[in-house]
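These notes are about the structure you will find just below.
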Amino acid sequence: MDITFMNPGVDYMIEQAMLFQTEDEASFWTEPLYYFYPQLDKTYAAALPLQKRRDYIASVLRNAYGELADSINEKTLLYTQHWRIHKDQITAALTDAFSVNCSSLFNDLRCNVSMNPVEPRFLKEHRFDIFYLNSPSGAIGESIHEIIHFLWFYVWNRLFGDRYEEYERPSLKWILSEMVVEPIMRDPRLSSINPYFPREEGGCIYPYFFDMKAGGSLVTDTMDAMYQKLPIEDFMKCSYAFCQSYEAEIRSHIQNAEH
């Protein structure tokens, strides 16, 4: 595995930020932009028609980029240096986790260092975004999270033979892929270099999973137990069957948390 960290330019950053500023998007996804860019007038933006709102946000972000470009370029170099230090350790841990030779997989990953505080990934294109305010160690923690998704769906696709379009939010397969990051990240070779791994520091999964229950038990406990005792492909089958059985509970919990 290898990652090229890069500054993708302000136009790309604005484009990706707008993916989470649609009319029907939950506040969980829309609010971070206003939090990190207080120069955005949320009340004013909310009163605008959608296209004018998008134009307004784009204008503010474009102006902000003028002051942030040097910092983003600097972070790109720091993230690259930190990745090189830990690359072999991460590759070995994930080779064990997924029972595939990770050194020969995903050597073309691209990480866009972005102004967008929401960090999308694009499985088919082998790219993902990292918020520029991450520290170098934080960027590596975020990168491990994303690499886990790439490997998860690589093995999953070989197992189930389904379509990559089925792996995106809000599908149940996407939800499961977000749940399983924590048990995989528990490997000391990964957790020790991820400052977000302790839940007290934010955790490495969405916080609404921490108190989510299904079938009377915490979902995180269920996933941990399954992962510890099952080979990866059996874990995929059993964890997905569990999610299918309790899909209504899972989706209700997420909906309540995101709005």
So which heavy atom on [X] is nearest to which on [Y], and how close?
{"X": "L123", "Y": "H149", "answer": "CD2-O, 4.2 Å"}
{"X": "P183", "Y": "M179", "answer": "CD-O, 3.6 Å"}
{"X": "M13", "Y": "S114", "answer": "CG-OG, 3.5 Å"}
{"X": "F242", "Y": "M226", "answer": "CB-CE, 3.8 Å"}
{"X": "A214", "Y": "Y246", "answer": "CB-CB, 3.7 Å"}
{"X": "I175", "Y": "F209", "answer": "O-CZ, 3.8 Å"}

For residues [X] and [Y]: do they belong to one hydrophobic cluster (side chain heavy atoms under 4.5 Å, members Ile, Leu, Val, Met, Phe, Trp, Tyr)?
{"X": "M115", "Y": "Y35", "value": "yes"}
{"X": "L133", "Y": "Y37", "value": "yes"}
{"X": "Y167", "Y": "L172", "value": "yes"}
{"X": "L78", "Y": "F5", "value": "no"}
{"X": "M18", "Y": "Y44", "value": "yes"}

Is a donor from one side chain sitting under 3.5 angstrom from an acceptor on the other, for D41 and Y56?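 No, no side-chain donor-acceptor contact under 3.5 Å.
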
Are side-chain heavy atoms of [X] and [Y] found at a separation under 4.5 Å?
{"X": "E249", "Y": "M212", "result": "no"}
{"X": "I90", "Y": "R189", "result": "no"}
{"X": "S171", "Y": "E166", "result": "no"}
{"X": "I14", "Y": "R54", "result": "no"}
{"X": "I144", "Y": "H86", "result": "no"}
{"X": "L33", "Y": "V118", "result": "no"}
{"X": "S135", "Y": "H82", "result": "no"}

Tell me whether the count of non-hydrogen atoms from other residues, nucleotides or ligands lying under 6.0 Å of CD in E125 goes above 12.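 More than 12 heavy atoms, drawn from other residues, nucleotides or ligands, come within 6.0 Å of this atom.
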
Does NZ in K173 sit with more than 12 non-hydrogen atoms of other residues, nucleotides or ligands closer than 6.0 Å?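 More than 12 heavy atoms, drawn from other residues, nucleotides or ligands, come within 6.0 Å of this atom.
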
Say you draw a straight line from [atom1] of [X] to [atom2] of [Y]; how long is it, rounded to the nearest 0.5 Å?
{"X": "N107", "Y": "M1", "atom1": "CG", "atom2": "CE", "answer": "8.5 Å"}
{"X": "I205", "Y": "I184", "atom1": "CD1", "atom2": "CD1", "answer": "11.5 Å"}
{"X": "T95", "Y": "L105", "atom1": "OG1", "atom2": "CG", "answer": "8.0 Å"}
{"X": "W29", "Y": "R169", "atom1": "CH2", "atom2": "CZ", "answer": "5.0 Å"}
{"X": "L61", "Y": "Q39", "atom1": "CG", "atom2": "CD", "answer": "8.0 Å"}
{"X": "I3", "Y": "R84", "atom1": "CD1", "atom2": "CZ", "answer": "11.5 Å"}

Donor-acceptor pair, distance only, cut-off 3.5 Å: does the side chain of [X] make one with the backbone of [Y]?
{"X": "R53", "Y": "A45", "answer": "yes"}
{"X": "D129", "Y": "V113", "answer": "no"}
{"X": "E119", "Y": "F131", "answer": "yes"}
{"X": "Q89", "Y": "L190", "answer": "no"}
{"X": "K75", "Y": "Y132", "answer": "yes"}
{"X": "T4", "Y": "C111", "answer": "no"}
{"X": "R127", "Y": "F122", "answer": "no"}
{"X": "S252", "Y": "A248", "answer": "no"}
{"X": "H259", "Y": "Q255", "answer": "yes"}
{"X": "T91", "Y": "C102", "answer": "no"}

Test side-chain contact (heavy atoms from CB on, under 4.5 Å) applied to D108 and D2, step by step: CA-CA 6 Å; D108 60 346; D2 205 3; over 6 Å; no

Distance-only donor-acceptor hits, side chain of residues 216-223, under 3.5 Å, sequence neighbours excluded:
residue, atom, partner, partner atom, Å
T222, OG1, L218, O, 3.3

For the residue pair [X] and [Y], does the interplanar ring angle fall in the parallel (under 30°), tilted (30 to 60°) or perpendicular (over 60°) class?
{"X": "W156", "Y": "F153", "result": "perpendicular"}
{"X": "Y208", "Y": "F28", "result": "tilted"}
{"X": "F98", "Y": "W152", "result": "perpendicular"}
{"X": "W174", "Y": "Y206", "result": "tilted"}

Take I85 and I140 through the side-chain contact (heavy atoms from CB on, under 4.5 Å) test and state the conclusion after the steps. CA-CA 10 Å; I85 292 170; I140 296 310; over 6 Å; no

With side-chain contact (heavy atoms from CB on, under 4.5 Å) as the test, would you mind laying out the steps for N112 and Q16 before giving the verdict? CA-CA 11 Å; N112 295 307; Q16 300 312 307; over 6 Å; no

Solution key, residues 194-202 side-chain donor-acceptor pairs under 3.5 Å, sequence neighbours excluded:
residue, atom, partner, partner atom, Å
N194, OD1, Y196, N, 2.9
Y196, OH, N134, OD1, 2.5
R199, NE, E182, OE2, 3.1
R199, NH2, E182, OE1, 2.8

Take K124 and E168 through the salt bridge (charged side-chain N to carboxylate O under 4.0 Å, His left out) test and state the conclusion after the steps. CA-CA 11 Å; K124 280 189 170 182; E168 301 300 335; over 6 Å; no

Donor-acceptor pairs under 3.5 Å, side chain of residues 227-239 to any protein atom, not counting sequence neighbours: which ones?
residue, atom, partner, partner atom, Å
S239, OG, F235, O, 2.7
S239, OG, M236, O, 3.2

Could you go through K42 and E31, starting from their C-alpha distance and side-chain angles, then the distance that decides it, and tell me whether this counts as side-chain contact (heavy atoms from CB on, under 4.5 Å)? CA-CA 9 Å; K42 180 181 173 183; E31 289 297 314; 2.7 Å; yes

